Amino acid sequence: MGRARTLLVSAAVVLLGRRKRKPPKNADRVVPKLPPNPGAEAVAIGLLFLAALFAVAFVVVYAVDSLPAHTQLLGLTLGLSLLAIAASLIVTAKKLVATEELVEPYTPDEHPGEQELLVQVVEESGDRLTRKRLFKMGLGAAGGTLGLAVLAPALSFGPFFQTKYYRGTPWRRGRRLVDEHFHPVRASDIEENGFYAAFPEGLSLDGREELGAGVVLVRLPIHALRLPPELHGYDAGGIVAYSKICTHAGCAISMYRAPLFQPDEPRPALVCPCHYSTFDPADGGSVTFGPAGRRLPMLPIGVDAKGYLRAKGNFDDEVGPTWWGTRIWKPSP
Amino acid sequence: MPAVVRAPRLALLVLLVAGVAATPAQQGKSLFGAHCLSCHGGNGAGTSRAPSLRNVGARAADFYLRTGYMPLPHLGLQPRRSRVLFDESQIRALVAYVASLGNGPAVPKPHPERGNLSAGQHLFSTHCAGCHQIAAQGGVVTGAIPPPLEDATDVQIAEAVRIGPYVMPSFSKKAISDRELDSIVRYVDWAKHPDNRGGWAIGDIGPVPEGLVTWFIAAAALVGLCVVIGKRLPHG
């Protein structure tokens, strides 16, 4: 019993007695004595209480739902509260904190002899190597190739080697065209001056996200068509279908210029909203304005026995933005 | 001698009455002759300068006249909303005359209250926002300027959708049904005063002015704050 009590008392003394002893005070001041600045103090203290007021206002605004411009008031009260705290801290730092600037010269070298010794040690330690240059070459080779290897995945940014996506589209000979509500498109529904979008039948909504899926449909008067020889027969009685994906950077073409009175007005054109690449639907989608580098791929279409539009094959060229590799491959028919 | 010639005052009175009691179509014909004939040709047959008005109907005349698109101040210009040269009765007369030129569609009567606002937004973003911008603030197309729709009335919106003025595509009832058109009109009406719950709308035109606010107001304020907080060291 006595031993336990002794143990407890000694433990208490050890733990509680380990307080830091206050260092003895110097007789001289270390920090220079600067005069007080009651004006700045008042400003700093006032700003702090102002911040408190704004914070309370935030809670009040939050509670009163019916205030107009509620979101703006919430932001204002919170922002001003934080701003007031910041202002108070700035005033304190600039006007109230005692500062002193002292200039001291650089200290001279402490151990000149030992520093020279160290240099000698390093030099003599390298004496053992006989093929220093080869070592340097080896290190350069290892480090350099490692650096390049780490950068190599950047090639995956563009389809340098994987152009499968751009060669394969969901269009095949005989595939019917459907509109955005999955209804098959009749040739008679496509009117002049109208602008329509279509997809291959049987594709889900996710499948429609493929670059090669969407087409734009417009009808031009037959006498206005000027298709080049390799695209003869790609239209269906004046209805032409082009890839919806701009060949510049891959945005969807969503603008159509449909003039009411040809002589005075610009010709019909498919325009991309991103950078205004303009394609002429009458001559195979050639670029008449804008940064696109090649003409719009055209889908050959025809009208089946029941009057619905069907594809007669695949696009005549790569769909999608003009990466370096896509000019080389052609899609399978 | 006929009675009319023997009584010239009576003849004058008869003529005056006849002139005042002219049908709107006849008044329209004389207005047409004064303002439209030189480009659109006699009986609206069309010339090399302007299209034929034979079957455009009251719908087109009402649209072009009430917006001030016509008369065009200068050939070759894009028609734009501008001064309306005619008062209400003159417009009615011209519309009646143009309607009488053929067998065209009547002035549409949209019912936006029957439309659905969210369906209208979906339809507008599918068919219209590419050129007119999602908040109908207008945009650009190569060679033309799709205008903002702030001043367009419900009837004018419906008319423009069906006509497709200048280089705007036209949307028939098969492409956009009347009920869908009601929804689109309702959306455009809403877009004139969108609910900007988040704060400053900056004209509802999108990320470019918002970026300008960030750079020229917020960043400038931050730089100013740094100047206030910091202190320049004296040259040593």
Side-chain angles (χ1 to χ4, degrees), chain A residues 69-76 83 86-87 89-91 93-94 99 101 103 179-181 185-186 188-197 218-219 251-280 287-290, chain B residues 39-40 46-53 56 60 64 72 74-79 122-123 125-134 139-144 146 161-176 196-200 221 225-226 228-231 233-234 236:
Chain A
H70 196 240
T71 312
Q72 286 83 332
L73 280 179
L74 283 177
L76 212 62
L83 212 65
L89 288 174
I90 293 173
V91 167
K94 288 187 89 95
T99 56
E101 267 181 38
V103 178
D179 65 13
E180 67 238 23
H181 302 296
V185 179
R186 291 184 157 278
S188 51
D189 284 342
I190 308 298
E191 299 176 350
E192 255 184 62
N193 279 359
F195 179 58
Y196 307 84
V218 295
R219 180 191 282 273
C251 295
I253 291 170
S254 64
M255 307 204 277
Y256 182 50
R257 216 170 57 188
L260 210 52
F261 182 59
Q262 281 275 29
D264 256 355
E265 299 174 6
R267 278 214 291 258
L270 300 160
V271 187
C272 177
C274 291
H275 313 97
Y276 299 100
S277 295
T278 312
F279 305 94
D280 188 350
V287 182
T288 58
F289 181 81
Chain B
C39 289
H40 284 286
T47 65
S48 62
R49 289 180 292 282
S52 154
L53 302 180
V56 297
Y64 281 99
L72 214 52
H74 194 70
L75 268 189
L77 287 184
Q78 171 180 352
H122 182 86
L123 288 160
S125 70
T126 306
H127 296 290
C128 325
C131 292
H132 284 285
Q133 198 252 9
I134 189 63
V140 179
V141 144
T142 325
V161 167
R162 298 283 183 229
I163 298 171
Y166 200 55
V167 292
M168 174 171 159
S170 62
F171 301 88
S172 66
K173 292 199 201 222
K174 271 193 269 188
I176 296 181
N196 283 304
R197 197 156 280 261
W200 190 15
L225 206 63
C226 289
V228 164
I229 297 176
K231 184 168 85 166
L233 290 175

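Keep in mind that the numbers below use all heavy atoms, side chains included, and drop hydrogens, waters and symmetry copies. These numbers were taken from a predicted model, which means no experiment stands behind them. All chains are named by letter (A, B, ...) in the order of the sequence lines, taking the proteins before the strands, and each is independently numbered beginning at 1.
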Heavy-atom check, side chain of V167(B) versus side chain of P259(A), under 4.5 Å: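 Result yes, sub-4.5 Å side-chain heavy-atom pair found.
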Quick one, Y166(B) and P266(A) - any side-chain contact, counting heavy atoms below 4.5 Å? yes
Find the one option among P51(B), S48(B), C131(B) whose heavy-atom pairs under 4.5 Å with chain A are most numerous. P51(B)
Leading residue by heavy atom contact count with chain A [cutoff under 4.5 Å; candidates G46(B), P146(B), A50(B)]: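 Most heavy-atom pairs under 4.5 Å with chain A: A50(B).
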Heavy-atom distances under 4.5 Å only: say whether [X] touches chain B with side chain, backbone, both or neither.
{"X": "Y256(A)", "answer": "both"}
{"X": "F289(A)", "answer": "side chain"}
{"X": "E101(A)", "answer": "side chain"}

Nearest-0.5 Å distance, CG of residue L225(B) to CD1 of residue I90(A):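 Reported to 0.5 Å precision, the distance equals 5.0 Å.
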Please check if the side chain of R257(A) supplies one atom and the backbone of V141(B) the other of a donor-acceptor pair under 3.5 Å.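 Side chain of R257(A) to backbone of V141(B), a donor-acceptor pair under 3.5 Å: no, none is there.
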Examine whether an atom of T126(B) lies under 4.5 Å from a heavy atom of chain A, and if so say whether it belongs to the side chain, the backbone or both; otherwise answer neither. side chain
Atom group of I163(B) that falls short of 4.5 Å from chain A, counting heavy atoms: both
Which heavy atom in [X] sits nearest to a heavy atom in [Y], and how many Å separate them?
{"X": "T47(B)", "Y": "F261(A)", "value": "O-CZ, 3.8 Å"}
{"X": "A258(A)", "Y": "P169(B)", "value": "CB-CA, 3.7 Å"}
{"X": "D189(A)", "Y": "K174(B)", "value": "OD1-CD, 3.3 Å"}

